[in-house]
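Every chain is numbered from 1, with letters handed out A, B, ... down the list of sequences.
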Amino acid sequence: MPELPEVETVVRTLEKRIQGQEILAVHIRWPGVIEGQSPEEFARRLTHQHFRVFHRRGKYLLFDLDRDMLVVHLRMEGKFYVDDPGKPLDRHMHVLFDLGNGRQLRYHDVRKFGRMSLLPLDTDLTHFHDLGPEPWDEGFNAGYVYRMAHSRRQPLKSLLLDQSFVAGIGNIYADEILFACQLRPGRASRRLTHAQAARLVAETQRILSEAIRAGGTTIRTYTSSLGVSGRFQLQCMVHEQKFCRVCGSPIHCRRIGGRSSYYCPHCQK
DNA sequence: ACACTGACCTGCGAGC
DNA sequence: TGCTCGCAGGTCAGTG
């Protein structure tokens with residue numbers, strides 16, 4: 001499931017592959033993926049625009065075109081491919097973009113959770129979808145984390161998954177960040193100390209940076225699009241592990257905030 | 001106002 | 001072997 005590092009990898013890969021390409025036509029095979037307007041209107045507006053600038057906000061992919069911004073959320077299993085138009089389509093290939101260079105950008109999504117829409121080019125992304133700061137924003141600092149943690153009555157795991165707290169973290173990296181901080185996912189947010197808040201900022205930035213450098217991850221079934229398989233070298237320390245890679249204790253798994261959460265009861269307090 | 005639950009989807013693996 | 005059931009999880013609407 002794509003989280004911030006996987007989305008970043010997809011954006012950078014697509015930038016290399018299709019930047020500057022004109023959209024000649026759009027074919028929508030499953031209309032539910034289009035939000036905010038009819039599929040016909042969506043296709044009509046995209047036609048003859050070019051892919052100009054590639055960026056990301058949280059887990060959203062953002063493509064600046066000539067007149068509109070194409071916004072895509074991959075949710076659980078959304079993937080992009082750049083293929084020869086003659087290549088056979090499977091039943092999960094939902095949107096096809098014919099490109100000026102004769103190739104086809106293809107959106108694939110087994111579970112149909114992903115969405116795409118068009119927004120004005122000048123849309124302010126600061127509070128886009130109520131997203132909080134990016135992990136490297138100045139605003140994401142120890143003081144902010146401490147204040148936010150103490151303003152809620154939620155476990156730490158739920159806080160990390162809250163996109164209005166910090167943008168881009170999903171279930172897997174949340175577990176990994178908390179392991180690196182030696183904090184249990186079920187620990188009450190309001191028990192966080194200043195020192196722990198500072199460490200949370202540092203470990204979040206470190207883990208996400210390393211994952212981006214490794215090209216995302218293949219944790220579980222997700223491989224980032226385009227045959228670019230993530231090779232997240234630092235691997236999961238706890239998520240879906242049986243034994244702690246530090247102390248060897250059995251890893252516990254319990255549901256916190258409705259999500260399966262993995263932690264080492266010996267290393268995490 | 002905050003926090004939790006279910007819906008959206010499909011594939012897969014466990015259990016009978 | 002074949003069926004049913006539960007689970008995977010990001011986001012948002014709905015509920016308490």
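Taking atom CG of A:L74 as the reference point, atom C1' of C:dG10 lies 11 Å away to the nearest angstrom. The nearest whole Å value for the distance from the CG atom in A:L4 to the P atom in C:dT11 is 11 Å. Between A:H150 atom NE2 and B:dC2 atom P there is a gap of 17 Å when expressed in whole angstrom units. Taking atom NE2 of residue A:H92 and atom C1' of nucleotide B:dC12, one finds them 12 Å apart after rounding to whole Å. Atom-to-atom, NE2 of A:H94 to C1' of B:dT10 comes out at 10 Å; the value is rounded to the nearest Å. Atom NE2 of A:H73 is separated from atom C1' of C:dG10 by 6 Å (rounded to the nearest Å). Between the P atom of B:dT5 and the CZ atom of A:R259 lies a distance of 12 Å, rounded to the nearest Å. The distance between atom NE2 of A:H239 and atom P of C:dC7, rounded to the nearest whole Å, is 15 Å.
Comparing B:dT10, C:dT11, C:dG10 by their closest approach to the side chain of A:V110 singles out B:dT10. Closest approach to the A:R255 side chain among B:dT10, C:dT11, C:dA8 is made by C:dA8 (side chain taken as heavy atoms from C-beta onward). In the set B:dA3, C:dG10, C:dT11, the nucleotide with an atom closest to the side chain of A:Y60 is C:dT11.
The same atom, P, is picked in B:dG6 and in C:dG6; the two are 13 Å apart, to the nearest Å. Taking atom P in both C:dT11 and B:dA1, the straight-line distance is 23 Å, to the nearest Å.
When ring centroids are compared, A:Y263 and A:F179 stay outside the 6.0 Å threshold. Ring centroids of A:Y262 and A:H252 are separated by 6.0 Å or more, keeping the two rings apart.
A sub-4.0 Å separation between OP1 or OP2 of C:dG10 and a side-chain N or O of A:R115 is absent. Side-chain N/O atoms of A:H129 include one lying less than 4.0 angstrom from OP1 or OP2 on C:dC12. Remark: A:Q154 is not in phosphate contact with B:dC2, judged by side-chain N or O atoms under 4.0 Å from OP1 or OP2.
In the hydrophobic cluster analysis, where Ile, Leu, Val, Met, Phe, Trp and Tyr join through side-chain heavy atoms closer than 4.5 angstrom, A:F165 is grouped apart from A:I256. Cluster annotation: A:L183 is connected to A:M148 through the hydrophobic network of ILVMFWY side chains, with a link wherever side-chain heavy atoms come within less than 4.5 Å.
A:Q182 and A:R199 are linked by a side-chain donor-acceptor pair at a separation below 3.5 angstrom, with hydrogens and angles left out of the test.
Screening A:E3, A:H239, A:E6 for a side chain to side chain donor-acceptor pair (under 3.5 Å) with A:Y173, the sole residue that qualifies is A:E6.
Across all strands shown, A:S260 has heavy atoms under 4.0 Å from sugar-phosphate atoms exclusively, and none from any base. Residue-level contact check: A:R153 touches the backbone only, with heavy atoms under 4.0 Å from sugar-phosphate atoms and none from bases.
In terms of position on DNA chain B, the residue among A:R75 and A:R91 whose nearest nucleotide sits closer to the 5' end is A:R75.
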Applying salt bridge (charged side-chain N to carboxylate O under 4.0 Å, His left out) to A:R52 and A:D64, what does each step give before you reach the verdict? CA-CA 5 Å; A:R52 299 294 186 191; A:D64 287 357; over 6 Å; no
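A donor-acceptor contact shorter than 3.5 Å links the side chain of A:Q205 to the backbone of A:P135.
Both key distances under 3.5 Å define a Watson-Crick or G-U pair, and stretches of 3 or more such consecutive pairs in DNA chain B run B:2-8 with C:10-16, B:10-16 with C:2-8.
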